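Working notes, beginning with the structure itself.
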Amino acid sequence: MGSIKAVEGQSLFDVAIQRLGSAEAAFALATLNGLSITDQPVPGYTLRLSKIIDNDIADFFSFKSLVPTTAGSDPVINEPPVISGSSFLRMPDPDQVKIVEGQSLFDIAIQKLGSAEAALELAVLNGLSLTDELTTGETLQLQE
């Protein structure tokens, strides 16, 4: 299945989306590597990879040489991806959402954008890490 060396600021969710094409794969990565889902891999740590879930997304990150690092102090993707016409980026109105108690970026991504993979985009757009706890009453942007 392969392996990857974690880079500075990369979470398991970043690796899962980048190499396996789905945020859901982070759970398999954690289990396969004896980590908690919220653990941030040490830069240079070799992670064993599980099965690719969405080849199109993994291929996109590979083709564009994109490396998401949303767990750092300055979340970035080395170049913002543009995926026109994809459900991965489909964002309904309104442009903002108010956080209710206990919600995570993944909850919002699934409820408002229809895909857990959109959590990475929400994190980058709002300057957050995928594993940050959200504050009740806080407002997040759903699109620029």
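What you see is a predicted model; the values in this text were computed from it and never measured. One is the number of the first residue; the rest follow in order along the sequence.
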Nearest non-hydrogen partners of Ala23 and Ala16, listed with the distance: O-CB, 4.2 Å
Step by step, work out the side-chain contact (heavy atoms from CB on, under 4.5 Å) result for Asp14 and Leu130. CA-CA 8 Å; Asp14 295 330; Leu130 283 171; 3.8 Å; yes
Please check if atom CD in Glu133 has more than 12 non-hydrogen atoms from other residues, nucleotides or ligands closer than 6.0 Å. no
For Thr31, give me all partners under side chain to side chain donor-acceptor pair (under 3.5 Å), at least two apart in sequence or on another chain. none
What distance do Leu113 atom CG and Glu121 atom CD have between them, rounded to the nearest 0.5 Å? 7.5 Å
May I ask you to test the Val97-Gln111 pair for a side-chain heavy-atom distance under 4.5 Å? no
Within a strict 4.5 Å, meaning less than it, do heavy atoms of the Leu49 and Val15 side chains meet? yes
Residues passing the side chain to side chain donor-acceptor pair (under 3.5 Å) test with Thr38, sequence neighbours excluded, are Ser36
Those residues that, when tested against Glu138, pass side chain to side chain donor-acceptor pair (under 3.5 Å) (two or more places apart): none
Hey, could you give me the OG/CG distance between Ser11 and Leu120, rounded to the nearest 0.5 Å? 8.0 Å
Roughly how far, to the nearest 0.5 Å, is the OG atom of Ser115 from the CD1 atom of Ile57? 6.5 Å
With hydrophobic residues grouped by side-chain heavy-atom distances under 4.5 Å, do Ile52 and Leu12 end up in a single group? yes
Once you measure the plane-to-plane angle for Phe13 and Phe27, does it fall in the parallel (<30°), tilted (30-60°) or perpendicular (>60°) bin? perpendicular
Donor + acceptor pair across side chains of Lys98, Thr139 (<3.5 Å): no
Which pair of non-hydrogen atoms, one from Thr136 and one from Glu101, has the smallest distance, and what is that distance? OG1-CA, 3.3 Å
Could you pull out the closest heavy-atom pair between Ala109 and Ala119, with the gap in Å? CB-N, 3.5 Å
Quick one: does Val67's side chain get under 4.5 Å of Gln18's, heavy atoms only? yes
Just how far is it from atom OG1 of Thr131 to atom CG of Asp39, taken to the nearest 0.5 Å? 10.0 Å
If every non-hydrogen atom of Glu117 is compared with every non-hydrogen atom of Ser22, which pair is closest and at what distance? OE2-OG, 2.9 Å
Using every non-hydrogen atom in the two residues, find where Ala6 and Pro41 come nearest and quote the distance to one decimal. CB-CB, 3.6 Å
Here the gap from Lys51 atom NZ to Leu32 atom CG, rounded to the nearest 0.5 Å, amounts to 14.0 Å
Between atom CD of Gln96 and atom CG of Leu140, what is the distance when rounded to the nearest 0.5 Å? 9.0 Å
Ile99 reachable from Ile110 in the ILVMFWY side-chain graph, under 4.5 Å edges: no
Donor-acceptor under 3.5 Å (Gln10 side chain, Val7 main chain): yes
What I'd like to find out is whether the side chain of Leu128 reaches to under 4.5 Å of the side chain of Leu122, using heavy atoms alone. no
Minimum-distance pair of heavy atoms, taken over all atoms of Ile53 and Ala25: CD1-CB, 3.7 Å
Is it possible for you to say whether Phe60 and Ile17 belong to one hydrophobic cluster, with membership spreading through side-chain heavy-atom contacts below 4.5 Å? yes
If only side-chain N and O atoms count, and only distance matters, is there a donor-acceptor pair under 3.5 Å linking Asp59 with Ser62? no
One pair to check against side-chain contact (heavy atoms from CB on, under 4.5 Å): Leu134 and Asp107. What are the steps and the verdict? CA-CA 11 Å; Leu134 303 178; Asp107 296 328; over 6 Å; no
